[in-house]
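Everything numeric here is computed off the predicted structure, so don't read it as measured data.
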Amino acid sequence: MADWGPVVIAVILFVVLSPGVLFQLPGKSRVVEFVNMQTSGVSVLVHTIIFFGLITIFLIAVGVHITTG
């Protein structure tokens with residue numbers, strides 16, 4: 001049996017929190033920009049911190065487990 005919970009959560013968060021794909025925080029001209037397909041170093045840092053916080057909450061505090069087999 002394999003635990004696919006961490007893999008699925010990490011992939012979903014990576015796609016959703018990629019800077020510039022759905023939103024960028026902070027944006028170039030505004031605080032939040034949507035679907036601009038551009039990024040900056042500060043935006044990558046902010047999205048990394050948000051990713052780490054959410055994955056910690058989902059995997060450690062909530063304990064998401066998806067088992068197969």
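Ile66 and Val16 end up in the same hydrophobic cluster when Ile, Leu, Val, Met, Phe, Trp and Tyr side chains are linked at under 4.5 Å. Leu22 and Val31 end up in the same hydrophobic cluster when Ile, Leu, Val, Met, Phe, Trp and Tyr side chains are linked at under 4.5 Å.
Counting heavy atoms from C-beta on, the side chains of Val15 and Val21 never come closer than 4.5 Å. Side chains of Phe51 and Ile49 form no contact here, defined as non-hydrogen atoms less than 4.5 Å apart.
Checked by atom type and distance alone, the side chain of Ser18 pairs as donor or acceptor with a backbone atom of Phe14 at under 3.5 Å. For the pair Gln38 (side chain) and Gly20 (backbone), a donor-acceptor distance under 3.5 Å is absent.
Contact between Ala10 and Ile55 at its shortest, heavy atoms only, is CB-CD1, 3.7 Å. When all heavy atoms are compared, the tightest approach of Leu54 to Leu17 is CD1-CD1, 4.1 Å. Pro26 and Val46 make their closest contact through CD-CG2, 3.8 Å (heavy atoms, listed as atom of the first residue, atom of the second, distance).
Taking CG from Leu13 and CZ from Phe52, the interatomic distance works out to 12.5 Å, rounded to the nearest 0.5 Å. From Lys28, atom NZ reaches atom CG of Asn36 across 8.0 Å, with rounding to the nearest 0.5 Å. The line from CD1 of Ile57 to CD1 of Ile9 is 12.0 Å long, rounded to the nearest 0.5 Å. Rounding to the nearest 0.5 Å gives a distance of 9.0 Å between CG of Leu59 and CG of Asp3. Of the inter-residue distances, the one linking Thr67 atom OG1 with Trp4 atom CH2 reads 12.5 Å to the nearest 0.5 angstrom.
In this structure, the ring of His47 has its center less than 6.0 angstrom from the ring center of Phe23.
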